[in-house]
Amino acid sequence: DVFSFVDSSTALTRTFYKIARLGADFDGEDFEAFAESLREAGIEGEKVMFKATGGVNTQKGLIYSLGLLSAAAGHLICNDSRLFSGKRVCQLGGEIATAVSAYDFENCLRLHSEERTVGEKIFNEYGIKGARGEAMKGFPNAYRALEILKDNLANGYDRNKAFAGTFMAIAGEVDDTNVIGRGGLKALEYVRKQVTDFIDSGGIYSTDWRNKLEAIDRKFQQKNISPGGSADILAISIFIFYLEKEYADSVFLKSALS
């Protein structure tokens, strides 16, 4: 429930700070060693999350994606701040992801089914790479979500409405492995149909947009559908939005993360 997410988010604050520091201290040369240090920090973060939630996986995927971007942001802020931008954070995050995950898909094909993660099983069955594929491409969907978010805010919507509209736009496009893992491709088609109907009926521009979203939410609960991958992309776009707002076009010292 929402309290599980609050507990895990609070507990993971230190993890993301640690990962950002690793990025800040990275000299840009030994990607392999850097990738291994990030992997270790991420695994440690998962343990922190599970302890905070009593064993519930609330944000394992986000630890991976937001961890990569935290490392990228930490490095750029402290080593290359004059060229800082959200796009560069995504690009560097993609380079780090390739170093961290390049062998994962090849390796997972050699694993027995019970040894694979949900994402690896989906890749093996459908060829869909999920969060790792998104990261290795430089987070294209997250950057698209960022542009949608900016447009929504520029139209004068409050943050909650802007976030909701961004989420629905993304949920209708991405191959959400959280959805596929629970209900296969049929569940993904169902999500896209619900999103299309919502947008065609006016989306967040309609006066009763909140009621429509709550109705969709109830349908998803009944079918045990959780578009967590789309939610992660929304979270990443919000993260990048505030990074740009805080750091872009500014000059920083290396003490920015001290």
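Listed by first and then second residue, the side-chain hydrogen bond (donor to acceptor under 3.5 Å, both in side chains) pairs that reach into residues 46-55 come to none, sequence neighbours excluded. Residues in residues 8-18 take part in these salt bridge (Lys or Arg N to Asp or Glu O under 4.0 Å) pairs, two or more places apart or across chains: Lys18-Glu44.
In the hydrophobic clustering of this structure, Ile236 does not group with Ile170; members are Ile, Leu, Val, Met, Phe, Trp, Tyr whose side-chain heavy atoms approach within less than 4.5 Å, directly or through other members. Note on Leu234 and Tyr143: same hydrophobic cluster, where clusters join Ile, Leu, Val, Met, Phe, Trp and Tyr whose side-chain heavy atoms are under 4.5 Å apart, directly or indirectly.
A donor and an acceptor atom, one from each side chain of Asp7 and Ser4, are nowhere located under 3.5 Å apart. Looking only at atom types and distance, the side chain of Gln59 has a donor-acceptor partner in the side chain of Ser9 under 3.5 Å away.
Atom OH of Tyr190 is separated from atom CD1 of Ile216 by 8.5 Å, given to the nearest 0.5 angstrom. With rounding to the nearest 0.5 angstrom, the CG atom of Asn178 is 8.5 Å from the OG atom of Ser230.
Here the side chain of Asn79 pairs a donor or acceptor atom with the backbone of Ala24 at under 3.5 angstrom. Looking only at distances, no side-chain donor or acceptor of Arg88 sits under 3.5 Å from a matching main-chain atom of Leu76. Thr177 places no side-chain N or O within donor-acceptor distance of the main-chain N or O of Ile180, the cut-off being under 3.5 Å.
Each of Ile240, Leu68, Ile233 was evaluated against Phe139; a single residue qualifies, Leu68, per the side chain to side chain contact (heavy atoms under 4.5 Å, CB included) test.
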